[in-house]
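In what follows, a single structure is set out as structure tokens and then discussed.
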Amino acid sequence: MNRRDAIRLGAGAFVGAAATLERAGKTHLFAQGGPQVVNPTPPPATDPRYPMPPKWNRELRQLAPNVYAYAQGGGPGISAAGVSNAAIIAGRDYLLAIDALQGPVPARSFIAAAKKATGKDVARLVLTHHHGDHVNGNQFFTQAEILSHPYCRSEVQKAIPNTPKMWMPTPGVAEMAEERRLVPPTVTFKDDLVYDIGGTEVQFRCVGPAHTWGDVVAYLPQHKIVFLGDVGFFWVAPYANNSYITKWIDVCNAILGWDADVLVPGHGPIAGKKELAEMRDYFQVLGVEARKRYDAKMPPGVASAEIRLGRFDNWIGPERLIMDTVRWYAEWNGTLTPDYNANAVREATIEYNEVKAREKKVSEMIPLDRMDAIAEAV
Ligand SMILES: [Zn+2]
């Protein structure tokens, strides 16, 4: 090895160390067990040719008489991890809530906003699916009967033994240390369930598997409103770790055929059918790009490092491209199950990071004439 090679290797080691430090600085609030999470470094780049997502505010927005969406704020540069939306339908004497949010701060804010707007308490809570950002707030709906699809209930029950006993102070989630309990649903339904809440018809439809194997959406035909849960991600890259993407696309197409104007996603701003069609297109564009590389026997992490999605590169949480690619691959190679394959995602993220580190090393390579000067000086 000559001195030039030694310097070159040294520069590579430095880049590697910097990447490791960057990873170590990030924390994962919502990791639920499994192998240690590896962060994509750097995440996929945005594309200046296309618009950035809008910014939206936290609000309880009345969509129709007695019907409210609770949107948590978001936008470019604001992490969308674990920040979900919920809803309220007000009856004569009580409220029906859809989803419980991710912890004490948002759950209590949601309950307080609903009480302020209606003067009523929540008597029923219907969960759209089992993810922590939709069910971790269950314990704060102390008077409510909790309902879900059976798959959601069984996943919540599975998560109970691993749930910490305390909420620890976490920005936007918990203000102080306090007792934490994951409360499971007590009522399950696997066919459509229709409520008449003070004259408002609410059709809970079991549409999974899509985002998960237990998805429920709420359709209000009188008002042409759909609460999508995580069947909808608007301007936010969809999270597919428990998903069946082909069927998720079919579900989007079915809902696009419903008589509906206002669609409330699980993540992102309140919008309409155009935004749901865009999310479907995200999966289709990714599916085409990933399939080419799958057929060429390229590992999913290497494919993720290469794939560009055009306008979807600007969506919030672009690193979900990796998990979504892993999930497409699992469909194609016949290994898809309802469970999150944490090892496959971790492995793909390591592959992705290796490609990005090599790209960085090449782009940072010191010009040869400059390197000669350094070598002479050593
Ligand atoms: Zn979810």
Side-chain angles (χ1 to χ4, degrees), residues 21-41 43 55-60 70-86 97-114 122 125 127-142 144 146 152 155-184 212 229-230 233 236-239 241-242 265-269 316-320 323 340 342 345-346 349:
L21 281 174
E22 206 175 310
R23 274 202 294 275
K26 292 188 181 174
T27 53
H28 276 261
L29 305 177
F30 298 95
Q32 303 202 340
Q36 202 198 340
V37 173
V38 177
N39 284 308
T41 312
K55 200 172 178 297
W56 64 99
N57 295 322
R58 176 188 298 255
E59 60 171 334
L60 183 76
Y70 188 68
Q72 297 205 64
I78 303 167
S79 170
V83 180
S84 60
N85 299 330
I98 301 173
D99 282 343
L101 306 177
Q102 74 271 45
V105 167
R108 287 188 176 122
S109 305
F110 171 42
I111 291 166
V122 178
L125 168 63
L127 304 173
T128 59
H129 65 296
H130 71 278
H131 286 152
D133 51 333
H134 299 258
V135 308
N136 285 345
N138 287 357
Q139 73 178 88
F140 302 100
F141 294 76
T142 48
I146 307 178
C152 170
E155 288 301 302
V156 170
Q157 286 199 300
K158 263 197 248 170
I160 289 173
N162 301 321
T163 300
K165 298 280 174 273
M166 298 291 285
W167 289 103
M168 297 317 279
T170 308
V173 179
E175 263 172 357
M176 54 187 178
E178 62 177 302
E179 191 206 355
R180 177 170 179 173
R181 279 178 304 122
L182 180 54
V183 178
T212 73
D230 282 1
F233 283 74
V236 175
Y239 175 102
N241 272 341
N242 294 108
H267 298 268
I316 296 153
E319 66 283 355
R320 290 179 182 166
M323 74 166 82
Y340 163 37
V345 174
R346 186 172 192 275
T349 308

Report yes or no: does [X] contribute a side-chain atom to a donor-acceptor pair with the main-chain N or O of [Y] at less than 3.5 Å?
X	Y	answer
Thr170	Met168	yes
Thr163	Leu182	no
Asn85	Gln72	yes
His134	Ser84	no

### Summary
Exactly one candidate in Asn242, Thr212, Asp230 meets side-chain hydrogen bond (donor to acceptor under 3.5 Å, both in side chains) with His129; the answer is Asp230
Taking every non-hydrogen atom, the tightest pair across [X] and [Y]:
X	Y	answer
Asn39	Thr41	O-OG1, 2.9 Å
Lys158	Pro161	O-CD, 3.2 Å
Ala100	Ala107	O-CB, 3.6 Å
Pro43	Pro318	CB-CG, 4.4 Å

#### Entry: Flag side-chain contact, heavy atom, 4.5 Å: Val236 against Arg320
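Result yes, sub-4.5 Å side-chain heavy-atom pair found.
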### Query
Under the side-chain contact (heavy atoms from CB on, under 4.5 Å) test, which residues partner Leu127, sequence neighbours left out?
Asp99, Leu125, Val135, Asn138, Ile146, Ser148, Cys152, Pro185
### Message
Glu175: which residues meet the side-chain contact (heavy atoms from CB on, under 4.5 Å) condition with it, sequence neighbours left out?
### Response
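Glu175 satisfies side-chain contact (heavy atoms from CB on, under 4.5 Å) with Val105 once adjacent residues are dropped.
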Measure the [atom1]-[atom2] distance between [X] and [Y] for me, rounded to the nearest 0.5 Å.
X	Y	atom1	atom2	answer
Ile316	Lys55	CD1	NZ	10.5 Å
Ile98	Tyr70	CD1	OH	15.5 Å
Phe110	Leu60	CZ	CG	7.5 Å
Arg181	Trp167	CZ	CH2	11.5 Å

### Task
Could you pull out all residues at least two apart from His130 that satisfy ring pair (Phe, Tyr, Trp, His ring centres under 6.0 Å)?
Tyr151
### Task
Any chance you could lay out the ring pair (Phe, Tyr, Trp, His ring centres under 6.0 Å) test for Tyr239 and His267, step after step, and finish with the verdict?
CA-CA 10 Å; Tyr239 175 102; His267 298 268; 8.3 Å; no
### Query
Charged N to carboxylate O below 4.0 Å: is that the case for Arg180 and Glu178?
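Result for this pair is no, no salt bridge flagged.
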### Task
Take Glu179 and Gln139 through the test side-chain hydrogen bond (donor to acceptor under 3.5 Å, both in side chains) and record every step on the way to the result.
CA-CA 10 Å; Glu179 191 206 355; Gln139 73 178 88; 5.5 Å; no
